[in-house]
Amino acid sequence: MTFRLYDTATREVRDFVPLEEGKAGVYVCGLTVQSEPHVGHVRSGVDFDVLQRWLRHLGYDVTFIRNVTDIDDKILMKSADQGLRWYELVARMKRQLDQAYDALNVAPPTYEPAATGHVPEMIVLIQELIAKGHAYAAEDGSGDVYFDVRSWPQYGELTHQRIDDMEAAEDADPRGKRDPRDFALWKGWKKESEPETAAWPSPWGPGRPGWHIECSAMAGKYLGPAFDIHGGGVDLRFPHHENEQAQSRAAGRPFASYWMHNAWITTAGEKMSKSLGNSLTIPAVLQKYRGIELRYYLVAAHYRSHVEFSFEALDEAAVGFRRIESFLERAGTVEPGELPEAFVAAMNDDLGTPAALAVLFDVVRAGNRADDPTPQAAQVLAMLDVLGLNPADPAWGPASSDDQRLTDAVDVLVRGLLEQRTRARADKDFATADAIRDQIKAAGIAITDTPDGPTWSLEAGTK
RNA sequence: GGUGGGUUGGCCGAGAGGCGAGGCAACGGACUGCAAAUCCGUGUACACGGGUUCAAAUCCCGUACCCACCUCCA
């Protein structure tokens with residue numbers, strides 16, 4: 001059984017055949033650190049984290065590179081608006097992004113290169129392109145360097161578009177461009193409006209990188225001229241990925257063998273970056289939901305499916321995940337075991353997480369039915385590990401000492417009440433027993449009577 | 001104008017020609033003092049109109065609506 005995945009470039013599910021046996025090189029476009037991360041942003045992080053985990057499970061030696069764009073127009077604009085130095089905004093938002101990834105158990109990439117750290121590599125690549133006749137320095141003295149799309153007949157191959165069918169951006173300043181669709185490899189420093197710290201020396205004068213060149217340069221540096229998988233959000237297909245591929249191939253680098261794109265999360269039918277967004281930033285959502293619940297919600301949809309975000313759906317997901325957790329609690333301490341075949345088949349089929357979860361729930365049911373749930377629990381843990389959803393994973397963070405003391409304190413109080421309730425039940429004073437249970441429930445704690453006596457746990461959904 | 005994607009039961013969400021994925025909710029039953037949890041059972045879903053086929057949610061043609069991208073975007 002081989003791993004198959006959907007390749008956006010060929011528009012079909014294909015067997016994954018790595019360039020080098022046993023190894024997988026993956027490059028994913030990370031974020032531009034210019035605002036607080038929201039649910040949509042982390043979907044990409046979670047989806048490609050599942051890819052990374054699955055490749056590792058399959059035994060590949062994975063090199064996973066996820067970049068950070070830390071200089072661009074938007075960063076300069078927003079930092080100016082907020083009265084911050086641009087790199088100050090970048091540092092703040094990067095910290096938030098890291099916290100969001102940690103909260104969702106997104107494993108760190110092998111390396112996380114930043115654009116500003118790779119200007120020399122970009123300059124080399126641009127020089128190669130100029131030498132080969134695929135790029136030119138603008139003749140208007142702006143210091144810009146453009147990629148010449150007309151010089152590259154395959155331009156448009158990734159997204160199956162012809163140059164003549166493309167609309168030239170209305171807002172694109174035609175300045176020194178030969179064709180309006182030519183895109184910037186290097187942007188000359190605009191003395192009047194841009195800080196000096198946002199300019200780097202180059203053969204074409206001080207300036208900063210164009211958006212696309214960083215990914216080509218960094219992918220080349222860490223993964224080589226040819227590598228296996230390139231990923232990112234669907235919106236990046238064009239122009240970003242098209243341009244990355246064009247400039248890399250025009251420079252003689254074969255670039256990615258497979259292209260993977262995750263779909264959107266929308267709210268009220270709109271992409272998140274367009275809508276309100278405030279209530280959907282990761283810190284805001286984590287006020288009400290645990291990271292593991294949000295991750296479960298994201299993993300429950302296929303990565304290529306559009307998700308319409310709602311708190312109602314997130315509530316449901318949290319309740320569903322609770323079913324898995326309560327099964328594990330009942331099963332006690334168990335070591336992860338083998339993955340069921342059906343689960344492996346689902347994951348091998350283009351990371352079919354929904355089908356994989358269906359298998360997981362089937363095993364949970366079997367375990368609930370069994371006298372000894374240990375074998376099922378072992379399988380469930382193995383599946384959860386692959387999906388990054390094992391509640392016992394230390395990555396979810398050990399309870400802080402304050403949390404632990406609080407839990408211990410609640411335990412003492414609830415146990416006291418449960419003893420009273422047990423006594424009342426023994427006396428057949430059910431009115432008192434039920435009143436105690438209601439009181440505990442009102443505090444958001446669920447009571448479960450078991451043959452070994454009552455136990456308590458937090459109710460699902462809200463923290 | 002060009003290029004993609006979508007519309008599935010009360011809700012979420014898979015599937016891609018033939019046994020009704022799975023979850024949530026609901027209802028009935030078992031268990032329980034009653035609940036909860038758990039288990040068993042209950043559904044004649046695939047936007048609309050045509051067509052192909054022994055058989056269509058799935059393929060073809062057409063229609064409607066929605067979304068994304070076309071140089072800021074996960």
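Throughout, a chain's letter reflects where its sequence line sits, starting with A, and its residues are numbered from 1.
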Item to check | Euclidean distance, atom CG of residue Leu298(A) to atom P of rG13(B) [Å, nearest integer] | outcome: 12 Å
Item to check | Quiz item: Arg437(A) side-chain donor-acceptor pair to rA35(B) base, under 3.5 Å | outcome: yes
Item to check | For rU63(B), the Watson-Crick or wobble partner whose two distances fall under 3.5 Å | outcome: rA47(B)
Next on the checklist: For a quick check of understanding: with a heavy-atom distance under 4.0 Å over all strands, which category does His261(A) fall into, base, sugar-phosphate or nothing?
Outcome noted: nothing
Checklist entry - Do the side chain of Asp434(A) and the base of rG33(B) come within less than 3.5 angstrom through a donor-acceptor pair of N or O atoms? => result yes
Checklist entry - Hey, is the side chain of Asp449(A) pairing donor to acceptor with the base of rA35(B) inside 3.5 Å? => result yes
Item to check | Counter-base of rC24(B), judged by Watson-Crick or G-U geometry with both distances under 3.5 Å | outcome: rG10(B)
Checklist entry - Taking any strand in view, what nucleotide pairs with rG33(B) in a Watson-Crick or G-U wobble way, both distances under 3.5 Å? => result none
Checklist outcome for this item: When both distances are under 3.5 Å in a Watson-Crick or G-U wobble arrangement, the nucleotide paired with rU71(B) is none
Checklist entry - Any side-chain donor-acceptor pair under 3.5 Å between His241(A) and Gln245(A)? => result no
Checklist entry - What nucleotide among rG13(B), rG23(B), rA74(B) has an atom nearest to a side-chain atom of Ala301(A)? => result rG13(B)
Checklist outcome for this item: Side-chain atoms of Leu236(A) come closest, of rA74(B), rU71(B), rA14(B), to rA74(B)
Checklist entry - Ion pair present between Arg437(A) and Asp434(A), side-chain N to carboxylate O less than 4.0 angstrom? => result yes
Next on the checklist: Using a distance-only criterion (donor-acceptor N/O pair, under 3.5 Å, no hydrogens), is the base of rC40(B) paired with the side chain of Arg369(A)?
Outcome noted: no
Checklist outcome for this item: Scanning all shown strands, the Watson-Crick or wobble mate of rC54(B) with both distances under 3.5 Å is rG18(B)
Checklist entry - Given rA21(B), rA74(B), rG23(B), which nucleotide is nearest the side-chain atoms of Pro354(A)? => result rA21(B)
